[in-house]
Asker: 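Below is one structure. I have some questions about it.
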There are 2 protein chains.
Amino acid sequence: MNAVAPTFLPLYRQIKDLVLRSLEGGEWKPGEAIPSELELAARYRVSQGTVRKAIDELAGENLLVRRQGRGTYVATHSEPREEFRFLRLAPDEGEPGPYESRAFECRRGRASVEAARILDLRPGDAIIGIRRVLLFGGRPTVLEDIVLPGTIFKGLTADRLAEHPGSIYHLYETEFGTRMIRADEKLRAAAADASAATRLGVPAGTPLLSVERVAFTYGDRPVEWRRGLYRTDQHYYRNVLS
Amino acid sequence: MNAVAPTFLPLYRQIKDLVLRSLEGGEWKPGEAIPSELELAARYRVSQGTVRKAIDELAGENLLVRRQGRGTYVATHSEPREEFRFLRLAPDEGEPGPYESRAFECRRGRASVEAARILDLRPGDAIIGIRRVLLFGGRPTVLEDIVLPGTIFKGLTADRLAEHPGSIYHLYETEFGTRMIRADEKLRAAAADASAATRLGVPAGTPLLSVERVAFTYGDRPVEWRRGLYRTDQHYYRNVLS
DNA sequence: CAGTGGTCTAGACCACCAA
DNA sequence: TGGTGGTCTAGACCACTGC
């Protein structure tokens, strides 16, 4: 928006961009190790310290994971520590536990004007719509509507959703080569309508937490739009202000 | 909790702790500049690079602010950029604007068992309870109950709240020498009870966003507990997952 | 033991700001 | 113009991992 053109781009920033391009292009895949700092320094003709600073920033943005004595790895949504990075629901009592996802709808459609604006498409472009419920301890707790660009996620069906273990972002990553790296959320309180009430097993009118999310992949490209309705009678949405 | 005793404490970590102690002890006050990197390097008998890494971390935690060509400053809640770090309410249309705070209650009391647990006090210890409404564009939007330890905030009255411009954290900082550096929040959806409905000018039963916060000062000491009820018909709570 | 990331240093130079 | 933070280098050594 109001970004000022930098008068000067430090070397380590340029190196960071080069590494980013390799990540984006799939030269190193999620879960794999990238070359050692000394190798990268030789490749780019800079000192180890400069590579180090570039990698530091990428690790800070959760794109890479450093492991002392072993190497630096491309982050992946299959790691347990990533499991609750994008799902900030915690139970009132005890630790966040496993959940079950039940997708009850998955169909192709056309982007509305709003969906097109948000996902940077044109109205009428192919999209895929998913509706699902998340169950914690067998209890329906989250009802979600997910909208995806059809071109990227072509071939995504309810069956493939059901087959796939783990988080949906893990599926995006392994099956469609699209890694989510950041998301913006807008939270509101809303009353359950008849449909949501039925799906979540609460009376109509029950206050629910409405969570609208736009998720981005490399280069700040929006590739997922979803709206969730959360029951918050036995869970809460946790956040840290720092 | 399950932190492993580090077998080895890097030098820059020790320097960081020393700087932290000076901040905590008030050697450098909010808004002031701390000594230059070279001065600190001389004081602690380490290289500039080591001081640099320590300061980098403190700046990353929003305790210090670097300003190229000028120096490094102690962060303060009086800066505009801090204004919305702890208030994540944004209007549906337009940019976050100024708001007005009306404290309609401010009284001394005794800590309940729950308040004592959360604020690390003993039940019956002195506390101060504040109730206030935040107005955006003249419209009541947030209703908050704030609980503070009486020993730290002795002498806080409704008048002083009313006199003070800017955010309440700015007041804590300037009047009571207590700087908030981090907060945990738990979000839920709740229905407006009669009292909240009146204060916020909505029908009873209206879904509201419930935000419970525990805020911490240096050393992870909890010093504020509050619960807010947010109208979300023209505003939303923004969050970034990264 | 070899290889990786992590720390620390000393010094040079650059970009930015205030006076 | 001097002082501050910001970048970059080269090299030494330490801590951790896996073979």
Asker: Please report the distance, rounded to the nearest Å, between CG in B:Leu38 and P in D:dT4.
Answerer: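 Roughly 7 Å, once rounded to whole Å.
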Asker: Determine whether B:Trp225 and B:Glu212 satisfy the following criterion, side chain to side chain donor-acceptor pair (under 3.5 Å), listing intermediate values before the conclusion.
Answerer: CA-CA 8 Å; B:Trp225 177 36; B:Glu212 185 185 350; 3.1 Å; yes
Asker: Find the bend of the helix from C:dC1-D:dG18 to C:dA18-D:dT1 as the angle between its two terminal axes (five pairs each), to the nearest 10°.
Answerer: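 About 10° separates the two local helix axes.
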Asker: Checking side chain to side chain donor-acceptor pair (under 3.5 Å) for the pair A:Glu224/A:Tyr172: CA distance, chi angles, key distance, verdict?
Answerer: CA-CA 10 Å; A:Glu224 186 201 54; A:Tyr172 294 168; 2.7 Å; yes
Asker: Could you tell me the separation between the CD atom of A:Glu37 and the C1' atom of C:dG6, rounded to a whole number of Å?
Answerer: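 Going from A:Glu37 (CD) to C:dG6 (C1'), I get 8 Å.
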Asker: Please tell me which of the listed nucleotides, C:dT7, D:dT4, C:dG5, lies nearest to the side chain of B:Ser36?
Answerer: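 From the listed options, D:dT4 comes nearest.
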Asker: In whole angstrom, what separates A:Glu39's CD from C:dA2's C1'?
Answerer: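 Those two atoms, CD and C1', are 14 Å apart.
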Asker: I need the CG-C1' distance between B:Leu64 and D:dG5, as an integer number of Å.
Answerer: 13 Å
Asker: Hey, mind stepping through B:Thr178 and B:Glu173 against side chain to side chain donor-acceptor pair (under 3.5 Å) and telling me if it holds?
Answerer: CA-CA 5 Å; B:Thr178 296; B:Glu173 175 180 294; over 6 Å; no
Asker: What does nucleotides 8-19 of chain D look like as a protein-contact string, B for base, S for sugar-phosphate only, - for none, at under 4.0 angstrom between heavy atoms?
Answerer: SB-----BBSS-
Asker: Tell me the interatomic distance from B:Lys53, atom NZ, to D:dG6, atom P, rounded to whole angstroms.
Answerer: 16 Å
Asker: Contact between A:Phe86 and A:His77 at the side-chain level, heavy atoms closer than 4.5 Å - yes or no?
Answerer: yes
Asker: Taking the cut-offs as 6.0 angstrom to the six-membered ring centre and 45 degrees off its axis, would you call B:Arg182 and B:Phe216 a cation-pi pair?
Answerer: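 Yes, B:Arg182 and B:Phe216 form such a contact.
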Asker: Given atom CD1 of B:Ile55 and atom C1' of D:dG5, what is their separation to the nearest angstrom?
Answerer: 9 Å
Asker: Parallel, tilted or perpendicular, judged at 30° and 60°: which one describes the rings of B:Tyr237 and B:Tyr230?
Answerer: tilted
Asker: When you measure from the centre of the six-membered ring of A:Tyr73, is the NZ or CZ of A:Arg67 closer than 6.0 Å and no more than 45° off the axis?
Answerer: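 Output yes; distance and angle both within limits.
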Asker: Looking at B:Arg85 and A:Ser242, would you say the former's side chain and the latter's main chain have a donor-acceptor pair under 3.5 Å?
Answerer: yes
Asker: Does a sphere of radius 6.0 Å around CZ in A:Arg102 hold more than 12 heavy atoms from other residues, nucleotides or ligands, not counting ones at 6.0 Å or beyond?
Answerer: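 Atom CZ in A:Arg102 is not packed in, count stays at 12 or less.
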Asker: Provide, to the nearest angstrom, the distance between the CG atom belonging to A:Leu40 and the P atom belonging to C:dT4.
Answerer: 11 Å
Asker: Any side-chain N or O of B:Arg52 less than 4.0 Å from the OP1 or OP2 oxygen of D:dG6?
Answerer: yes
